[in-house]
Amino acid sequence: MLAIAILAAGKGTRMKSKLPKVLHPLAGKSLIERVLSCTQGLKPNRKLILVGHQANLVEDSLKNHKDLDFVLQQPQNGTGHAVQQLRPSLEGFNGELLVLNGDVPLLKEKTLSSLLKFHKESNASVTFLSANLDSPAGYGRVFTDKSGLVKQIIEERDCTNEQRKNKLINAGIYCFNWQQLLDVLNLLSSENSQNEIYLTDTIGLLKKALHFEVDNPFEIKGINDRIQLSECEHFIQEKLKSSWMRKGVTFVDPNSCSLSEDSSFGTDVIIEPQTHIRGKCSIGNGCHLGPGSVITNSTLAENVLAIHSFINEAKVGNNTSIGPFANIRPESKVSDNSKIGNFVEIKKSFIGEGTKINHLSYLGDSVLGKNINIGAGTITANFDGKSKHRTIIEDNSKTGANSVLVAPIKIGSHVTIGAGSTISKDVPDKSLVVERSKAIVRTKPN
Ligand code: UD1
Ligand code: CA
């Protein structure tokens with residue numbers, strides 16, 4: 001039997017943030033999501049999340065996970081106090097309890113399964129992950145006897161100068177035999193510099209405490225402040241970008257770009273500086289993105305060029321050109337061979353094949369056919385103050401510069417709209433429509 005408990009009740013004082021620490025994102029995913037995702041394959045019988053500080057926010061952020069039990073720790077008197085709160089939930093439980101710190105987000109599932117295996121094989125009371133760090137600052141130090149049994153973990157702030165030199169640190173990931181832990185959980189005190197009940201004090205009280213050193217110390221990096229948060233972000237980004245470079249993606253200046261782990265790229269994609277790919281994106285072969293583009297939750301087919309543009313929750317077809325300075329907003333689809341030019345905003349619209357919207361336009365709630373030319377400054381007036389209305393423009397039509405299309409409206413095919421017109425009635429196929437008052441020209445007196 002295996003139960004997993006993730007400690008996520010703390011405030012994260014050192015983050016200096018309104019947001020609970022475990023909700024801070026790394027490459028778009030919260031710390032707690034990351035910790036949770038590395039337990040997926042372990043198939044535990046129970047998953048418990050210790051919440052306390054802003055418990056509602058933390059619970060809310062995990063509402064898509066149906067297999068979690070939330071345990072409230074109020075007030076937050078330390079990691080040992082947190083684990084004490086599990087007693088009612090784990091009444092009668094007989095097995096191993098894997099305790100994970102909610103602020104150690106780079107951990108790999110493989111490391112956890114090796115820890116569990118080692119723990120079981122050595123029949124230990126507790127086995128926890130450790131690492132030998134060149135800069136152990138901030139971590140609890142691990143002290144062993146000659147036989148390798150762990151005698152004590154001492155928090156850095158409670159260490160003497162001599163003890164602080166020890167570079168073997170506690171990663172905050174423990175596998176306990178729950179029944180043996182129960183026997184010592186009552187004995188913890190809060191006699192330490194923080195007046196907290198430390199989970200680490202159980203180590204010295206348990207019969208057989210072992211540590212299991214990780215291969216890659218970066219994996220167990222804990223996040224206590226924003227410097228460590230940015231170090232972890234950098235680590236994730238480096239790894240992601242290198243792996244895509246190996247698969248045929250060029251980054252002109254990788255340090256200035258960021259990717260999400262849930263995005264995928266074809267080959268011969270070029271990513272120029274200051275370009276960010278967020279959420280779940282699929283980027284086809286030969287796309288050229290940036291400089292200065294942000295693509296979020298979107299699908300780009302092949303050979304899309306997007307310079308200095310935002311594309312959010314949209315689909316963009318083959319051989320299209322977007323920008324510079326275009327904003328493609330959610331629920332838009334831009335079809336093959338079309339062109340969205342500078343200072344154009346598209347929202348919840350379908351743009352047909354070969355259609356061009358080259359300059360200074362807003363198209364919202366619209367359906368545009370094929371081979372349309374939208375003149376500079378064409379605007380769909382889609383909102384009447386209460387509701388949004390649709391604009392339909394059929395194949396091969398043209399709108400003149402500064403046309404306003406007052407929705408709901410349907411413009412037929414092969415229509416030409418004269419520049420400067422405000423059109424609020426449907427226009428039939430193959431017609432020319434102009435709505436413009438007559439210019440008055442008078443000679444100026446002197
Ligand atoms: C802890 C360990 C330290 C270890 C380090 C590894 C203790 C006493 N110390 O220190 O030995 O080297 O992790 O990263 O455990 N939390 C609660 N309730 C509380 C307090 C904390 O749920 O009352 C949660 C926090 O939300 C956090 C985790 O426990 O996710 C760790 O707490 P934190 O205060 O960051 O512990 P460290 O000082 O880093
Ligand atoms: Ca920590």
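Indexing begins at 1, ligand by ligand and atom by atom, following the structure's order.
Nearby protein atoms of type N, O or S around the Ca ion (ligand 2) amount to 2 (distance under 3.0 Å).
A donor-acceptor pair is defined here as one N or O able to donate and one able to accept, closer than 3.5 Å; such a pair exists between the side chain of Ser293 and the backbone of Ser309. Remark: the backbone N or O of Glu238 is paired with a side-chain donor or acceptor of Ser242 at under 3.5 angstrom.
With contacts defined as side-chain heavy-atom distances shorter than 4.5 Å, the pair Leu50/Leu72 does not qualify. The shortest side-chain heavy-atom distance between Ile409 and Thr380 does not fall under the 4.5 Å cut-off. With contacts defined as side-chain heavy-atom distances shorter than 4.5 Å, the pair Val294/Thr275 does not qualify.
Cation-pi check for Lys151 over Phe143 is not met; the charged atom does not lie both under 6.0 angstrom from the ring centroid and within 45 degrees of its normal.
No salt bridge links Lys280 with Glu313; every basic N to acidic carboxylate O contact stays at or beyond 4.0 Å.
With sequence neighbours left out, Asp69 forms a salt bridge (Lys or Arg N to Asp or Glu O under 4.0 Å) with Arg46. Qualifying salt bridge (Lys or Arg N to Asp or Glu O under 4.0 Å) partners for Asp201, counting only residues two or more places apart in sequence or in other chains: none.
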Enumerate, one pair per line, all nitrogen or oxygen atoms of ligand 1 lying under 3.5 Å from a protein nitrogen or oxygen, stating the separation to 0.1 Å; write 'none' if no such pair exists.
from: ligand 1; atom 1: 9 (N); to: Glu155; atom 2: OE1; distance (Å): 3.1
from: ligand 1; atom 1: 9 (N); to: Glu155; atom 2: OE2; distance (Å): 3.0
from: ligand 1; atom 1: 11 (O); to: Glu155; atom 2: OE2; distance (Å): 2.7
from: ligand 1; atom 1: 11 (O); to: Asn170; atom 2: ND2; distance (Å): 2.9
from: ligand 1; atom 1: 12 (O); to: Gly140; atom 2: N; distance (Å): 2.9
from: ligand 1; atom 1: 12 (O); to: Asn170; atom 2: O; distance (Å): 2.6
from: ligand 1; atom 1: 13 (O); to: Asn101; atom 2: ND2; distance (Å): 2.9
from: ligand 1; atom 1: 15 (O); to: Thr79; atom 2: OG1; distance (Å): 2.7
from: ligand 1; atom 1: 18 (N); to: Gln73; atom 2: OE1; distance (Å): 2.7
from: ligand 1; atom 1: 22 (O); to: Ala9; atom 2: N; distance (Å): 2.9
from: ligand 1; atom 1: 23 (O); to: Gln73; atom 2: OE1; distance (Å): 3.4
from: ligand 1; atom 1: 23 (O); to: Gln73; atom 2: NE2; distance (Å): 3.1
from: ligand 1; atom 1: 23 (O); to: Gly78; atom 2: N; distance (Å): 2.7
from: ligand 1; atom 1: 23 (O); to: Gly78; atom 2: O; distance (Å): 3.2
from: ligand 1; atom 1: 26 (O); to: Gly10; atom 2: N; distance (Å): 2.9
from: ligand 1; atom 1: 30 (O); to: Leu7; atom 2: O; distance (Å): 2.8
from: ligand 1; atom 1: 30 (O); to: Gly102; atom 2: N; distance (Å): 3.3
from: ligand 1; atom 1: 35 (O); to: Lys21; atom 2: NZ; distance (Å): 3.2
from: ligand 1; atom 1: 35 (O); to: Asp103; atom 2: OD2; distance (Å): 3.0
from: ligand 1; atom 1: 35 (O); to: Asn224; atom 2: OD1; distance (Å): 3.2
from: ligand 1; atom 1: 38 (O); to: Arg14; atom 2: NH2; distance (Å): 3.3
from: ligand 1; atom 1: 39 (O); to: Asn224; atom 2: OD1; distance (Å): 3.4

